[in-house]
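Have a look at the structure below, then the notes.
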Amino acid sequence: MSEKLFQKPKGTADLLPSIQPVWQKITAVAQEIFEHRYNFGRIDTPLFENYDIFARTSGDSSDVVSKEMYDFYDKGKRHMALRPEGTAGVVRAYVENKLYGPEYEKPVNLYYLESMFRYERPQAGRMREFHQLGAESFGSDSPFLDAQVIQMAIDFFKAFKLNNLLVKINSLGNDASRAAFRQALVDYLSQYEEQLSRDSKIRLKTNPLRILDSKDANDQKLLVGAPKILDYLDQDSKNRFKQVTDALDAFGVNYEIDEKLVRGLDYYNNTIFEIETQDPKLKSAATICGGGRYSGMVEEFGGPDTPAIGFGIGLERLITLIGEVKERDQVDVYIVQTDSSVSAFANLLAKHLREVFHFSVLLDYTNRSMKSQFRSADRTQARYSIVIGDQEVQSKELTLKKMTDGSQRKVLLDNLRIEDFS
RNA sequence: GCGGUAUUGGUGAAGUUGGUUAACACACCGGUUUGUGGUACCGGCACGCGUGGGUUCGAGUCCCACAUACCGCCCCA
């Protein structure tokens, strides 16, 4: 070994072959549910964007922007940032590629499966590089779309047979409602300003809604008599929220209205939701899906005023819940070599079996004993083994050994047919 | 950004009040069986205890710094 041992950057992970089947399944399920059943098209956006794209949309006061962003200046002195979340980049792409044009069917449905970056202290279910599966739908204000999008997320989780999921939902109302509530909340909490936790004192100025989901026990006590957001929704917002919950009821979705639910990013309005798991494996990282409606963002990026809704699913968290790892593909033939002098022949045979029969073929490259080679054949659950030695090289006659029962048959190489391996 | 715990071979780990061959098991490799497997038996397998300093006659065992992992806070997916 060399002297210096490198370690992967803090909060990152190597996705080794043993975990890949899980990721492949996630990709496949996303394709089936999102793409096929709900007609969302896949989009991949750049890993990094202009810093302002994230800073402006997420809100300067959000922690994601103020302390968790991986930002840097490139050689052209441009202020860039690794994407901390998926929505902003997708909105930018929606506008830049003019997907709002009349030739695109509305709503425009997009989904992504990408890694995100947040400079945080790692913990179970929280990495610095992590993966999100997200969906965004542009161009419809229909409350039924809200319900369908939530149902889509549920369908996705159902494909993994996840139990104990709780859907929490709330409405922030439209801009006017949200502003009215915000004012009422500030008025109320200002009387107790001195008693608020340190963080909440700051939030009172920057983002008072966030105080609602403060974990501080005393904050929560002060909030008991606080104004309720649902009381401040105007008639439109109220009706809208009712239509969403009615649709969810009709779908049979098990949900809970949580008036204290607010989200970490500032761009949401009207419907917001989270899906939580009760699984003890995730404790403080119980939220595996979060999303909601937002408007104004498309406009902010220079597109037409467009309503939108989306959500993100944390895949690392999902994986700790499903945890099932499938075995690798079965090996069809293991070629055992008596010694290295027959390797040329054995390798040619391997090439032939792969090419002609499309077999999965394995053979040794480390000059191990025959016993070891047979052990490998067992371990990889090879269906057949073929021993290659001087005799076989001379006679071109192969002995096919069926590993399950040990029976052997001799077949001339030139007469080999796929049926011989059934 | 704050607090706590941990870090010994490919893996799980044992390592006594600091004492000089780093236990045991799994896996792996070889042999018993010089061309035939999954069992059994025998043998091999850490010049090293996260990294760097320090204390000491002597440190995996004590002290400091750093790195990483995990837990909690903050926050979030």
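Throughout, protein chains are lettered first and strands after them, A, B, ... in sequence-line order, and every chain is numbered starting at 1.
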Quickly work out the [X] [atom1] to [N] [atom2] distance and round it to whole Å.
| X | N | atom1 | atom2 | result |
| --- | --- | --- | --- | --- |
| A:Arg121 | B:G1 | CZ | C1' | 8 Å |
| A:Leu321 | B:A77 | CG | C1' | 12 Å |
| A:Asp14 | B:U68 | CG | P | 15 Å |
| A:Asp378 | B:U39 | CG | C1' | 12 Å |
| A:Gln337 | B:G37 | CD | P | 17 Å |

Pick the [atom1] atom in [N] and in [M], then give their distance to the nearest Å.
| N | M | atom1 | value |
| --- | --- | --- | --- |
| B:C66 | B:A59 | P | 24 Å |
| B:U11 | B:C73 | C1' | 34 Å |
| B:G12 | B:U51 | C1' | 24 Å |
| B:U5 | B:U20 | P | 29 Å |
| B:A25 | B:A40 | P | 14 Å |
| B:G44 | B:A69 | P | 38 Å |
| B:C47 | B:G58 | P | 24 Å |
| B:U8 | B:U61 | C1' | 11 Å |

(request) Please confirm whether any donor atom in the side chain of A:Lys371 sits under 3.5 Å from an acceptor in the base of B:G30, or the reverse. (result) no
(request) Would you kindly check whether a donor in the side chain of A:Glu276 faces an acceptor in the base of B:A77, or vice versa, at under 3.5 angstrom? (result) no
(message) Just to be sure I follow the notation: if a pair is Watson-Crick (purine N1 to pyrimidine N3 plus N6-O4 or O6-N4) or a G-U wobble (N1-O2 and O6-N3), each under 3.5 Å, what dot-bracket string does RNA chain B give, with | for pairs to another strand?
(response) ((((((((.[[[..)...(....]]].(((((.......))))).....[[[[[..)....]]]]])))))))....
(request) Would you indicate which nucleotide in B:A77, B:G37, B:A67 comes nearest to any side-chain atom of A:Phe130? (result) B:A77
(request) Inspect the contact between A:Arg293 and A:Asp146 and indicate whether a charged nitrogen and a carboxylate oxygen are less than 4.0 angstrom apart. (result) yes
(request) Look at all strands and tell whether A:Gln391 reaches a base, only sugar-phosphate, or nothing, counting heavy atoms closer than 4.0 Å. (result) base
(request) Tell me, with the steps shown, if A:Phe34 and A:Phe156 meet ring-ring contact (aromatic ring centres under 6.0 Å, His included). (result) CA-CA 8 Å; A:Phe34 289 15; A:Phe156 177 79; 5.7 Å; yes
